[in-house]
Amino acid sequence: MSGFIYSDDNKRYHTWNYHLRHKFGCKVIKLALNAGFTCPNIDGTKGRGGCTYCSGGSGDFAGDPTDSIRRQFEAVKELMHRKWKQGKYMPYFQAHTNTYAPAQVLRERFEGVLSEPEVVGISIATRADCLKEDVLDYLSELNRRTYLIVELGLQSVFDITGERINRCHSYAEFLEGYYKLKERDINICVHLIDGLPGETPDMMIESAREVGALMPHCVKLHLLHILRGTAMEKELADGKLRLLERDEYVDIIVRQLELLPPEIIIQRLTGDGARDSLIGPLWSLKKFEVLNAIDKTMAERDTWQGRLIE
């Protein structure tokens, strides 16, 4: 391969860092925040307990919800500066479902950090079935004013998997919400999880194929983590699910990338499980080794993102 078009290093996929550097001309640091929302899959509207992998809101690295949003912003910014000394910022409302409230409430939570110096955009994590018209109108307004990404947790296109993990919405409902955002030209990041119970590698590959056909702005490919205190912890203990080995995961990721159009930004190729709560796979703690194995495998196979798209 002479060089992947969306890369200025050895990467053979369209990295988030590449996109941000070319868009903003500098490092952009995502700051994970907790706006204190809940989820219809937790409060009883659709379900109780959340998805079976959920440790309480998918915001393990977000700010402290007992602090104000502004205080969280400053605290997480200071923490991130230990790793990156300078850059611009993107508040990331990560924990729970961040459009699960009236638009006026969202405005109160989001607007303060948007006015912070060096903030260049905002990322909002939610469910595709929590996009009422007033919320969509507000998101459209935000989209005109700043660089907005709405992150939708799909995890799998297979409803049988959704039922197994207690997702409490169907793929058809996901598509309905997805197209509401698309019609408003709002950037979407779709999350998929590899290693969910009952799924074969071919099912994981098919999820990537179908999501690629939707042409979202970004994709996150996660590894399933089993965390303490989740329903999946008991499933694992009871022998009802098997964790992926590292080589299996690397192979699945490479095959998924081959089916994702090169224009799609890859925000993530693994995941972060808090060391003190992670049960497995423990090999995932060595994140850079996993990413290096993906790069090495792609080079050995002389493949790249989008290679197998017909």
Worked verdict on Ser156 versus Glu199 for side chain to side chain donor-acceptor pair (under 3.5 Å): CA-CA 9 Å; Ser156 171; Glu199 290 220 334; 2.5 Å; yes

I want to check a possible cation-pi pair here: [X] against [Y], using under 6.0 Å from ring centre and within 45° of the ring axis as the test.
X: Lys30; Y: Tyr89; value: no
X: Lys23; Y: Tyr147; value: yes
X: Arg127; Y: Phe174; value: no

Hey, is [X] close enough to [Y] for a salt bridge, meaning N to O under 4.0 Å?
X: Asp43; Y: Arg48; value: no
X: Arg184; Y: Glu133; value: yes
X: Glu74; Y: Arg70; value: no
X: Lys296; Y: Glu289; value: no
X: Lys77; Y: Glu118; value: no
X: Arg307; Y: Asp302; value: no

Parallel, tilted or perpendicular: rings of Tyr138 and Phe110 (30°, 60°):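 Phe110 vs Tyr138 ring planes: parallel.
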
Geometric class of the His19/His217 ring pair [parallel <30°, tilted 30-60°, perpendicular >60°]: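 Correct class here is perpendicular.
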
Summary of salt bridge (charged side-chain N to carboxylate O under 4.0 Å, His left out) pairs that have at least one residue in residues 215-227, sequence neighbours excluded: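 Of all non-adjacent pairs touching residues 215-227, those that pass salt bridge (charged side-chain N to carboxylate O under 4.0 Å, His left out) are Glu151-Lys220.
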
How about [atom1] on [X], more than 12 heavy atoms from neighbouring residues, nucleotides or ligands closer than 6.0 Å, or not?
X: Lys286; atom1: NZ; result: no
X: Leu285; atom1: CG; result: yes
X: Lys182; atom1: NZ; result: yes
X: Glu78; atom1: CD; result: no

Working for ring pair (Phe, Tyr, Trp, His ring centres under 6.0 Å), residues Tyr100 and His96: CA-CA 9 Å; Tyr100 188 44; His96 295 284; 10.0 Å; no

Ring centers of Phe158, Tyr171 separated by less than 6.0 Å: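 Between Tyr171 and Phe158, which both carry aromatic rings, the centre distance is not below 6.0 Å.
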
Evaluation steps, side chain to side chain donor-acceptor pair (under 3.5 Å), between Asn17 and Lys11: CA-CA 11 Å; Asn17 281 337; Lys11 299 295 184 182; over 6 Å; no

Qualifying residues under ring pair (Phe, Tyr, Trp, His ring centres under 6.0 Å), relative to His222, sequence neighbours excluded: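 Ring pair (Phe, Tyr, Trp, His ring centres under 6.0 Å) check on His222 returns His191.
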
Lys287: salt bridge (Lys or Arg N to Asp or Glu O under 4.0 Å) partners, not counting sequence neighbours: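 Listed in chain order: Asp272.
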
